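Everything on this sheet refers to the single structure shown next.
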Amino acid sequence: MKIATWNINGVKARIENLLHWLEEADVDIVCLQEIKSVDEGFPRDRIEALGYHVETHGQKGFNGVAILSKLRFDEVHRRLPGDEEDEQARFVEGVFSTNKGVLRVVSLYLPNGNPVDSPKYPYKLSWMERLHQWTQERLALEEPLVLAGDYNVIPQPQDAKNPQAWVGDALFLPQTREAYRRLVNLGLTDALRATTQEADTYTFWDYQAGAWQKNNGIRIDHLLLSPEAADQLRAVEIAKHTRGWEKPSDHVPVIAELDCMPA
DNA sequence: ATGGTTGTCCCACAA
């Protein structure tokens, strides 16, 4: 079973790229972020025609997440608990049945947090605290759980081509990295780092200043696995070639292969 | 140091 995460930066602008990639990649579950669409505007028909079930949590103009799955959804949950006032669409959870039992998958879009002297940074940190709380509760279930998404966190210097350029940025501040480590230290496995120590495993290249041409990338899209999911981890791949396509997203898909099959 | 780009939507804002 292949599970992917991809920040597509606008589903309407990226629909042709998305469909093309779905056809070539043969993934079972796809977590999308920054769909930038309300639920009614999501181009579900063309995706369903490829054999996917579609669940979205959208909002107008910004943010928005979705899960596309060849498996039927047994359950869907929207919104990260912990703040009733939070209107931003950044979290959707699906539950599936596999030949090895239940599988939980989350598509999350963690707040960017810049500029750091604005309310956006405390919002990011409090969102991370809520995610920590939620994850702690879910881990108690001792189920295969995949937390997939755009974390807007550069975990370590080796996750950036030019780490010094990110000092002081909300994606790389010590407090950000500490909150991310605290989450991982609950017992999660970073799927990519569990399978490779290679350099240049970036998932995002800015549109500006020729970042792609210079390979000036960062790794901010992650698949974090519960112990039960990590037991099933076979391989991880970054679909870097999609960044070279016409009208690319600034992020590329990251795909983890687990040792289970649709039930 | 600054500016460089893209998507959404109506004018900047977010990234």
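All figures in this text were calculated on a predicted structure; none of them were measured in a lab. So you know, we letter chains A, B, ... as the sequences are listed, proteins then strands, and number each from 1.
Taking atom P on both nucleotides, B/dA14 is separated from B/dC10 by 14 Å, rounded to a whole Å. One C1' atom belongs to B/dA15, the other to B/dG4, and the distance between them is 13 Å to the nearest Å.
Taking atom CG on A/Asp221 and atom C1' on B/dA15, their separation rounds to 13 Å, with Å as the unit. Rounding to whole angstrom units, CG of residue A/Asn114 and C1' of B/dC13 are separated by 14 Å. We find that CD of A/Gln88 is positioned 16 Å from P of B/dC13, with the value rounded to whole Å. Per the geometry, CG belonging to A/Asn63 stands 9 Å off C1' belonging to B/dA14, to the nearest Å. To the nearest angstrom, C1' of B/dT5 lies 12 Å from CD of A/Gln213. Distance A/Tyr151 OH to B/dA15 C1': 20 Å, rounded to the nearest Å. With rounding to whole Å, A/Asn7 atom CG is found 9 Å from B/dA15 atom C1'. Distance A/Lys247 NZ to B/dT6 P: 9 Å, rounded to the nearest Å.
Taking 4.0 angstrom as the limit, A/Lys120 places none of its side-chain polar atoms (N or O) nearer than this to OP1 or OP2 of B/dC13. Regarding contacts with the backbone of B/dT8, every side-chain N or O of A/Lys12 stays at 4.0 angstrom or more from both OP1 and OP2. A close approach under 4.0 Å does not occur between any side-chain nitrogen or oxygen of A/Lys36 and OP1 or OP2 of B/dA14.
Within the 4.0 angstrom heavy-atom criterion, only backbone atoms of the sugar-phosphate kind lie near A/Tyr109; the bases stay farther away.
Checking B/dA15, B/dT6, B/dC13 against the side-chain heavy atoms of A/Tyr207 singles out B/dT6 as nearest. The side chain of A/Gln208 has B/dA15 as its nearest neighbour among B/dA15, B/dG3, B/dG7.
In this structure a side-chain-to-backbone donor-acceptor pair under 3.5 Å is missing from A/Arg90 to A/His57. With hydrogens and angles ignored, the 3.5 Å screen pairs a side-chain donor or acceptor of A/Arg14 with a backbone N or O of A/Lys247.
Taking the side chain to side chain contact (heavy atoms under 4.5 Å, CB included) definition, one finds that A/Ala263 meets it with A/Ser97, sequence neighbours left out.
In A/Glu75, the CD atom is crowded: over 12 heavy atoms of neighbouring residues, nucleotides or ligands sit closer than 6.0 Å. Within a 6.0 Å sphere centred on CD of A/Glu198, heavy atoms belonging to other residues, nucleotides or ligands number 12 at most.
In terms of position on DNA chain B, the residue among A/Ser37 and A/Asp206 whose nearest nucleotide sits closer to the 5' end is A/Asp206. Nearer the 5' end of DNA chain B, as judged by each residue's closest nucleotide, is the contact made by A/Lys60, out of A/Gly113 and A/Lys60.
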